[in-house]
Amino acid sequence: MEFLCHHRDRPDSLALRMELLQEHWAYMDRFAEEMIARGPTLVGDGETPTGSVHILDLPDAATARAFAFDEPGYQAGVYRDVLLRRWRDLLGRTMWEFPGGPTDGDRFLVLGLGAGEAADLTVPAGRGDDLIAYGPLLSDDATAWLGTAALLRAPGPAAARALLTEDRYAGIEVHAWQFGGRSQ
């Protein structure tokens with residue numbers, strides 16, 4: 001089962017986040033085999049983190065909840081909230097298999113929170129080369145569509161937002177994002 005986890009930072013938690021960075025990475029290293037994508041969301045400066053995104057293939061919802069809430073930053077109070085949803089990988093690859101590599105172009109997390117009938121259930125035509133991860137957000141039992149999430153390369157936030165069908169969502173969030181993990 002695939003899950004998307006987005007930890008959102010509390011205001012003024014940057015110092016604590018940085019203090020726990022090695023602990024965070026060590027924790028994430030335990031899930032290396034299950035990782036589909038990972039990395040921080042950032043403010044417009046492209047430097048200051050605002051959260052962390054992790055997409056993983058885990059055995060069940062209980063394991064996903066443990067992953068999200070046992071994370072050292074969560075335990076220490078770095079995050080103000082956590083979005084944890086079932087997700088379906090429509091690209092069938094990890095971010096490390098993305099042909100654009102980890103640094104070519106601006107990257108974004110796009111979260112479309114659903115309202116009504118499901119939308120954007122297939123990979124958008126002509127966008128495959130820019131998509132790093134793409135799929136629907138689902139209820140715990142995967143029977144209800146709750147939205148769509150994507151990691152993508154785009155020339156700016158407006159172009160990233162245009163990936164989703166605007167009028168089919170209660171809200172669409174666009175966050176600057178970058179490939180995460182330890183420097184090699």
Side-chain angles (χ1 to χ4, degrees), residues 1-8 28 31-58 64 82-181 183-184:
M1 294 180 196
E2 297 152 339
F3 294 87
L4 180 136
C5 181
H6 183 202
H7 290 93
R8 300 169 194 247
M28 292 305 154
F31 296 91
E33 293 297 315
E34 293 86 1
M35 224 32 102
I36 295 168
R38 68 185 282 188
T41 55
L42 308 159
V43 294
D45 67 7
E47 300 286 325
T48 307
T50 62
S52 291
V53 175
H54 298 90
I55 303 174
L56 306 99
D57 189 356
L58 297 169
V82 178
L83 172 69
L84 179 63
R85 291 282 183 246
R86 286 277 302 269
W87 185 76
R88 188 169 301 127
D89 180 6
L90 296 183
L91 298 179
R93 67 175 184 230
T94 70
M95 73 179 203
W96 297 276
E97 299 165 307
F98 172 61
T103 58
D104 181 31
D106 293 333
R107 312 303 171 92
F108 299 91
L109 164 67
V110 179
L111 292 172
L113 305 177
E117 250 182 82
D120 301 318
L121 294 175
T122 59
V123 176
R127 296 297 300 262
D129 289 345
D130 291 325
L131 294 174
I132 299 161
Y134 184 88
L137 297 169
L138 304 166
S139 60
D140 281 352
D141 63 2
T143 61
W145 174 83
L146 303 176
T148 305
L151 297 171
L152 74 150
R153 174 179 55 192
R161 182 185 192 91
L163 179 71
L164 300 183
T165 308
E166 183 83 29
D167 64 348
R168 300 301 293 276
Y169 296 90
I172 297 175
E173 300 176 12
V174 178
H175 305 270
W177 175 84
Q178 70 183 20
F179 276 54
S183 300
Q184 300 299 327

Show the nearest heavy-atom pair for residues T94 and M35, with the distance to one decimal. CG2-O, 3.8 Å
Could you state the interatomic distance from OH (Y134) to CG (L90), rounded to the nearest 0.5 Å? 7.0 Å
List the steps and the verdict of side-chain contact (heavy atoms from CB on, under 4.5 Å) for L91 and D89. CA-CA 6 Å; L91 298 179; D89 180 6; 3.8 Å; yes
Is there a donor-acceptor pair under 3.5 Å between the side chain of D120 and the backbone N or O of T165? yes
Quick one: pull up CG in L83 and CG in L146 and give me the separation to the nearest 0.5 Å. 9.5 Å
From R38 CZ over to I55 CD1, what is the distance, rounded to the nearest 0.5 angstrom? 12.5 Å
Looking at D57 and E34, would you say the former's side chain and the latter's main chain have a donor-acceptor pair under 3.5 Å? no
At their closest point, which heavy atom of A160 faces which heavy atom of A154, and how far apart are they? N-CB, 3.8 Å
Around atom CZ of R88, are there more than 12 heavy atoms from other residues, nucleotides or ligands closer than 6.0 Å? no
Which heavy atom of W145 sits nearest a heavy atom of R168, and at what distance? CH2-O, 3.8 Å
Please check this pair: side chain of W87 against backbone of G135, looking for a donor-acceptor N/O pair closer than 3.5 Å. yes
Any sub-3.5 Å donor-acceptor pair from T41's side-chain atoms to G51's backbone N or O? yes
May I ask you to decide if the ring planes of H7 and H54 are parallel, tilted or perpendicular, using 30° and 60° as cut-offs? perpendicular
Is it true that a side-chain atom of R153 and a backbone atom of D129 form a donor plus acceptor pair closer than 3.5 Å? yes
Minimum-distance pair of heavy atoms, taken over all atoms of A176 and F108: CA-CD2, 3.9 Å
Between CZ of R107 and CE of M95, what distance do you get to the nearest 0.5 Å? 9.5 Å
Counting only N and O atoms by type, is there a donor-acceptor contact under 3.5 Å from the side chain of R161 to the main-chain atoms of V174? no
